[in-house]
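Letters A, B, ... are given to chains in the order of the sequence lines, protein chains preceding strands, and every chain is numbered from 1. Remember, it's a predicted structure, so these values are computed and weren't measured experimentally.
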2 protein chains.
Amino acid sequence: MGTVSKALSLLGYFSQTRPEIGLSDLARLSGMNKATVYRMMSELVEQGFAEQTFQGKSYRLGPEVLRLAALREAAVPLLSVAREMLARLSEATGETAHMSILQGARLNALAHHYSARHGTRVTMEDAEVLSFHGTASGLAVLAFSDAAFVDGVLALPLVAHTAQTETRPEAIRARIAEVRRSGLAESVGGFEADVHSLAAPVFDAQGRPLGALAVAAPVGRMTPDQWACAAHDLRACAADLTRRVGGFAPARFTAHIPEEV
Amino acid sequence: MGTVSKALSLLGYFSQTRPEIGLSDLARLSGMNKATVYRMMSELVEQGFAEQTFQGKSYRLGPEVLRLAALREAAVPLLSVAREMLARLSEATGETAHMSILQGARLNALAHHYSARHGTRVTMEDAEVLSFHGTASGLAVLAFSDAAFVDGVLALPLVAHTAQTETRPEAIRARIAEVRRSGLAESVGGFEADVHSLAAPVFDAQGRPLGALAVAAPVGRMTPDQWACAAHDLRACAADLTRRVGGFAPARFTAHIPEEV
DNA sequence: AACCAACGGTTCAAATAATGAACCAATTAT
DNA sequence: ATAATTGGTTCATTATTTGAACCGTTGGTT
């Protein structure tokens, strides 16, 4: 791994639960030498990718990432298109809608939208890492990923997030096969207890899964009628989003797309 | 300059007008060797900071910047950055500093900071609604808003907060034009009697005014010297704040920004 | 008050990774 | 056909990164 990769990988240790990290912690987390981390962070600070909270205190992400994100948006307006779609989807279903994207081997929550229809709702955090086996979004992505990737994911230890989480690789493969048939993934309490989720994959310009669009409702509220309605809206929105980010669905998926949005 | 800085500086060549850049172009732009640029871009692609549009074609910014931007937003919300800046600005000027943000068609005071230098000072209330025509902040925002918005504001009845408040639409348009030239808005007793205010606009990621940063002093204390000092600090702080919330000043404004903070 | 551990930051010889001219193969323009 | 340009690769030379040990401070314990 080159120096640049090492430096950039340091930024990966920041998260919602850990927005600020001190030098020593960062050195421990990354397993790199303190002096090395110091120099790398100094360069990242210099370039605006990180900044220090108060003289000599811990590091956090810098303002430059905002500028780049705005530029990325301008070039590839995924986020803005996704937000629009999420608003539409959550208004249509009356439930929380969210979108996640595949980055390397991780599935990250990117954006979400709540509906005002009900007093209770499923809440989300952006930039949260979603598990492949425990979430509807994860299963939707796996179902249209290549076999090597699926093998890689299932070879890792599978965490049981709740009592309902399916952790047996073969059972997960069976569910993935079903997702491939239906074009829709489902998870009942697999990641958070009492949450019933439906998800559909979104594809990139190469026809590979880019991420997933999902609807999450409290278990009691997902009646058969509601299920059918959410499934339809989700399919339509996911297809539209794929189109609007310049992607296309692979042949084996195309059959599931409703004609009109 | 270290390798990491060099690699990150490559990302700086992407812009709205140039969202995609080929390898050779990037080498020319940066003045670095093609092989060097290639290796650096490969690492950036590997880390998700860049991606290639189509097999072997030009580079553009990658999806990882979106994730980092979401985290930065969560870790450092506008309010906390604004507070930091207000503290700096009021220490530097010895007067009250405040920040307001545009929410829909209203300009709301968001936060303020007093200086301990003088016994008397201008006092502020957060969440107070500021008038566009009567305050320096309002004029600063109007000056860089689109024409339709300005027309809308000036079509409404314009309240005379004090005897000094300018309420004639055409006179206000003239003042706005002046603000556009100077990059700085001024109000003497237009909202509160005996208050002399200076304000500078803060911009969002789309280059639209997000709100304004302002300094407010008792009229007698704003001598020409103090005025010049406050104007300089204000410009510098507003530019820095724009940067730190991920915004950028539109072209017609850029000339006013001081080089150093 | 003395102590200790942990912090961010710094140093410098040794080790490693970055560098760039030349070179491919494939397009694209002439 | 030909010439120029594209993205990508190679490898000996070189310059940068590396990390153990070392500061000066800070904050908590004894």
Round to a whole Å and report the spacing from [atom1] of [X] to [atom2] of [N].
X: L26(A); N: dG8(C); atom1: CG; atom2: P; value: 10 Å
X: K34(A); N: dG19(D); atom1: NZ; atom2: P; value: 14 Å
X: R28(B); N: dA4(D); atom1: CZ; atom2: C1'; value: 12 Å
X: M41(B); N: dT6(D); atom1: CE; atom2: C1'; value: 16 Å
X: L23(B); N: dT28(C); atom1: CG; atom2: C1'; value: 17 Å

> Quantified as the angle between the terminal helix axes (five pairs each), what is the overall bend of the helix from dA1(C)-dT30(D) to dT30(C)-dA1(D) to 10 degrees?
Replying inline: 40°
At less than 4.0 Å, is any side-chain N or O atom of [X] found next to OP1 or OP2 of [N]? Yes or no.
X: Q52(B); N: dG8(D); result: yes
X: Y59(A); N: dG9(C); result: yes
X: S24(B); N: dT5(D); result: no

>> As a quick check of understanding, evaluate salt bridge (Lys or Arg N to Asp or Glu O under 4.0 Å) for D25(A) and K34(A), giving each step before the final call.
In response: CA-CA 9 Å; D25(A) 277 346; K34(A) 196 163 52 119; over 6 Å; no
Using a strict cut-off of less than 4.0 Å between a Lys/Arg side-chain nitrogen and an Asp/Glu carboxylate oxygen, indicate whether [X] and [Y] qualify as a salt bridge.
X: E95(B); Y: R221(B); result: yes
X: R173(A); Y: D151(A); result: yes
X: D233(B); Y: R88(B); result: no

Distance alone, cut at 3.5 Å: any donor-acceptor contact between the side chains of [X] and [Y]?
X: R117(B); Y: S90(B); result: no
X: S137(A); Y: T135(A); result: no
X: T165(A); Y: T167(A); result: no

> Stepwise, does the salt bridge (Lys or Arg N to Asp or Glu O under 4.0 Å) test hold for R60(B) with E51(B)?
Replying inline: CA-CA 6 Å; R60(B) 65 180 175 203; E51(B) 68 181 10; 2.7 Å; yes
>> Given dG9(C), dA20(D), dT9(D), identify the nucleotide with an atom nearest to the side chain of A35(A).
In response: dA20(D)
What protein N or O atoms touch nucleotides 12-19 of chain C N or O atoms at under 3.5 angstrom, if any, and at what distances?
unit_1	atom_1	unit_2	atom_2	d
dA17(C)	O3'	T3(A)	OG1	3.4
dA18(C)	OP1	T3(A)	N	2.8
dA18(C)	OP1	T3(A)	OG1	2.9
dT19(C)	OP1	K6(B)	NZ	3.1

> For the base of dG7(D), is there a side-chain donor-acceptor partner from K57(B) under 3.5 Å away?
Replying inline: no
> Parallel, tilted or perpendicular: which describes the rings of H161(A) and H133(A), with under 30° parallel and over 60° perpendicular?
Replying inline: parallel
